[in-house]
**Student:** 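I have a structure here, written as structure tokens, and I will follow up with some questions on it.
Since this is a predicted model, take the numbers as computed values, not measurements. Chain letters run A, B, ... following the sequence lines, proteins first and then strands; every chain starts at 1.
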Protein chains: 2
Amino acid sequence: MEKYSDNPLDTKRRILEAAGKIFAARGFQGTTVRDICSEADVNIAAVSYHFRDKKNLYFDTLKYWQAAAFQKYPHIRETDASLPPEDRLRAFVFQFVSRMLNDGNASWFGKLMAKEVIEPTEALDIVVEEAVRPSFEILRSIVTELIGNVSDERTIRLCCASIIGQSLYFFYSQPVIAKLFSGNTPGFTEPELIADHVARFSVNAIKAFAIQMKGDTP
Amino acid sequence: MEKYSDNPLDTKRRILEAAGKIFAARGFQGTTVRDICSEADVNIAAVSYHFRDKKNLYFDTLKYWQAAAFQKYPHIRETDASLPPEDRLRAFVFQFVSRMLNDGNASWFGKLMAKEVIEPTEALDIVVEEAVRPSFEILRSIVTELIGNVSDERTIRLCCASIIGQSLYFFYSQPVIAKLFSGNTPGFTEPELIADHVARFSVNAIKAFAIQMKGDTP
DNA sequence: TCATAATTAAAACAATTGATTTAAACATAT
DNA sequence: ATATGTTTAAATCAATTGTTTTAATTATGA
């Protein structure tokens, strides 16, 4: 048969790569370790040996691809704080959407995350604490600056949710949108165009909020 | 053991009820026919007898609960066209969110739909054509009226997507939001409050759009 | 070179699952 | 009431799946 891998780490990594692809496509339940091992071109026993069991492999896969996604599309930097909040919001949405929509491997984290949100397992904690919360805190600071100091915590949170919700929709619903518009979907797939729209839409909304609230509490 | 059902239709319906609950909770792959039959308190063979196989049962379950959800929360009526578009948008979002968030059985359709969107099967067609498209058309007419006749089709679609995206987020992300805010989530679970926020946020955004576009094409 | 540990291959196991089979229980009509 | 077709019960099948076992292969170090 085949020769052993040149690098002992190679087998482990090949499994993680294959697992990302297949878990992302079919979910935890829909994936068999045989599928993964076949895709990775390794023996079935390698999963038990390197990862103990399927569930642990799933955890490690999630962490592996989360790291990959955030390495390619890191959180927007603190130094960007000099920019006006409108620009920072657009940059945030762009990073957020790119991290998931990015063609190829990096998008596997987004798909894994989506499945985890819709049908949570014990791994939801990882997703929330290491991906959702950091993003949310950054967004919160942008929205807070944008809306001014006239607003309460609840309003800020709702506005953040509105922005995240829009951003996610363009990712989640790709198959639905394709069917709905018969594939004619200009502006629904390119991260730049999505970011432009979501940022503009949301800035408009929040600025009007700010004006309305200033009127409420003169 | 138990006596037979009083009504011969009872068995079939009991299976559909149980299937809705369990498919919604665990997805197609994560559900076993034994689980469903146990929950429905019927014999395993009843599934083959009444629904041919598991896949067909899943289809019928989807249709059954879709009908139930739309019976309880129908599309907003044409007669509402007399209302201003702001009010109609709020009513739309309220119906849309209630249809999914509604506690108890009716929410099963929303959960089934969410899973179908994230991990599509052959049943995605049913979801898009019978649930998504009709809703989208209604929303489109509201947004068109709201934004005025100065806008192009693409902008209208993007605004519709922003509204649907927000609405869905408050449903999809209940588990994430609960973790993120440690269960302290006022305004994130009640359909009325969600509808208030989403409608206000979106009306603000769209009206500003309308003004900006009027400036673009004088 | 040889011994020891690490890694992989191949086969097998035990449990689960979708589906079927066979016989019994039921309802309905004549 | 009896016959006929319908529905359910219980057992069984065949295939799949996660995991383990055993043996072979490779790398490493004295």
Side-chain angles (χ1 to χ4, degrees), chain A residues 1-62 64 112 115-116 119 121-123, chain B residues 1-62 64 112 115-116 119 121-123:
Chain A
M1 301 298 167
E2 281 267 276
K3 279 186 48 185
Y4 283 169
S5 311
D6 315 315
N7 186 343
L9 284 179
D10 211 44
T11 298
K12 194 167 181 177
R13 220 195 48 200
R14 277 219 310 283
I15 293 176
L16 286 171
E17 306 260 346
K21 180 176 174 183
I22 299 187
F23 277 137
R26 306 183 211 169
F28 180 80
Q29 307 257 24
T31 298
T32 71
V33 296
R34 279 172 176 82
D35 287 339
I36 292 173
C37 293
S38 169
E39 172 84 20
D41 205 29
V42 302
N43 189 269
I44 314 175
V47 165
S48 294
Y49 182 76
H50 287 288
F51 300 95
R52 193 175 68 233
D53 57 15
K54 183 188 176 185
K55 190 178 266 183
N56 203 261
L57 168 61
Y58 176 72
F59 268 75
D60 286 359
T61 304
L62 204 62
Y64 180 85
L112 293 170
K115 290 185 199 311
E116 193 63 37
E119 199 172 320
T121 73
E122 295 100 335
Chain B
M1 300 296 173
E2 282 264 277
K3 277 184 49 183
Y4 284 169
S5 311
D6 315 313
N7 186 343
L9 283 179
D10 214 43
T11 298
K12 193 167 181 179
R13 220 195 49 202
R14 279 219 309 283
I15 294 176
L16 286 170
E17 306 261 344
K21 178 176 174 183
I22 299 188
F23 277 137
R26 307 182 212 169
F28 180 78
Q29 307 258 22
T31 298
T32 71
V33 296
R34 279 173 176 80
D35 286 339
I36 293 173
C37 293
S38 169
E39 172 83 20
D41 204 28
V42 301
N43 189 269
I44 314 174
V47 165
S48 294
Y49 182 77
H50 286 289
F51 301 94
R52 190 175 71 231
D53 58 14
K54 183 188 176 186
K55 189 178 268 184
N56 202 261
L57 168 60
Y58 175 72
F59 269 73
D60 286 359
T61 303
L62 204 61
Y64 180 85
L112 292 170
K115 290 185 199 313
E116 194 63 37
E119 199 172 322
T121 73
E122 294 100 335

**Student:** Between dT20(D), dG18(D), dG18(C), which nucleotide has the shortest distance from any of its atoms to the side chain of Val33(B)?
**Tutor:** dG18(C)
**Student:** With no hydrogens and no angle check, do the side chains of Tyr58(B) and Glu122(B) hold a donor and an acceptor under 3.5 Å apart?
**Tutor:** no
**Student:** Between Phe23(A) and Lys115(A), is there a cation-pi geometry (under 6.0 Å to ring centre, at most 45° from the normal)?
**Tutor:** no
**Student:** Determine the contact category for Thr32(B): base if any of its heavy atoms lies under 4.0 Å from a base atom, sugar-phosphate if only primed atoms, P, OP1 or OP2 are that close, otherwise nothing.
**Tutor:** sugar-phosphate
**Student:** Please tell me if Thr11(A) has a side-chain N or O lying less than 4.0 Å from either OP1 or OP2 of dT7(C).
**Tutor:** no
**Student:** Nearest-nucleotide wise, let me know which of Asn43(B) and Ile44(A) is further upstream toward the 5' end of DNA chain D.
**Tutor:** Asn43(B)
**Student:** Atom CZ of Phe51(A) and atom C1' of dT19(D): how far apart are they, to the nearest Å?
**Tutor:** 16 Å
**Student:** How long is the line joining CZ of Arg26(B) and P of dT16(C), in whole Å?
**Tutor:** 14 Å
**Student:** How far does CD of Glu39(A) sit from CD of Glu17(A), to the nearest 0.5 angstrom?
**Tutor:** 10.5 Å
**Student:** Rounded to the nearest Å, what distance is computed from the OH atom of residue Tyr58(B) to the C1' atom of nucleotide dT17(C)?
**Tutor:** 19 Å
**Student:** Please give, in whole Å, the distance from dA15(D) P to Asp35(A) CG?
**Tutor:** 18 Å
**Student:** Quick check on DNA chain C: between Arg34(A) and Ala46(A), whose nearest nucleotide comes earlier from the 5' end?
**Tutor:** Ala46(A)
**Student:** Base, sugar-phosphate, or nothing for Ala45(B), non-hydrogen atoms under 4.0 angstrom?
**Tutor:** base
**Student:** How many whole angstroms separate atom CZ of Arg14(A) from atom C1' of dT7(C)?
**Tutor:** 13 Å
**Student:** Will you find, in the side chains of Asp35(B) and Ser38(B), an N or O donor that is under 3.5 Å from an N or O acceptor?
**Tutor:** no
**Student:** Nearest whole angstrom, please: distance from the C1' of dA19(C) to the NZ of Lys55(B).
**Tutor:** 15 Å
**Student:** Do Lys12(B)'s NZ or CZ and the ring of Tyr64(B) fall within the cation-pi criteria of under 6.0 Å and 45°?
**Tutor:** no
**Student:** Separation of Tyr49(B) atom OH from dT21(C) atom P, in whole Å?
**Tutor:** 15 Å
**Student:** Rounded off to whole Å, could you give me the CG-to-P distance for the Asp53(B) and dA15(D) pair?
**Tutor:** 17 Å
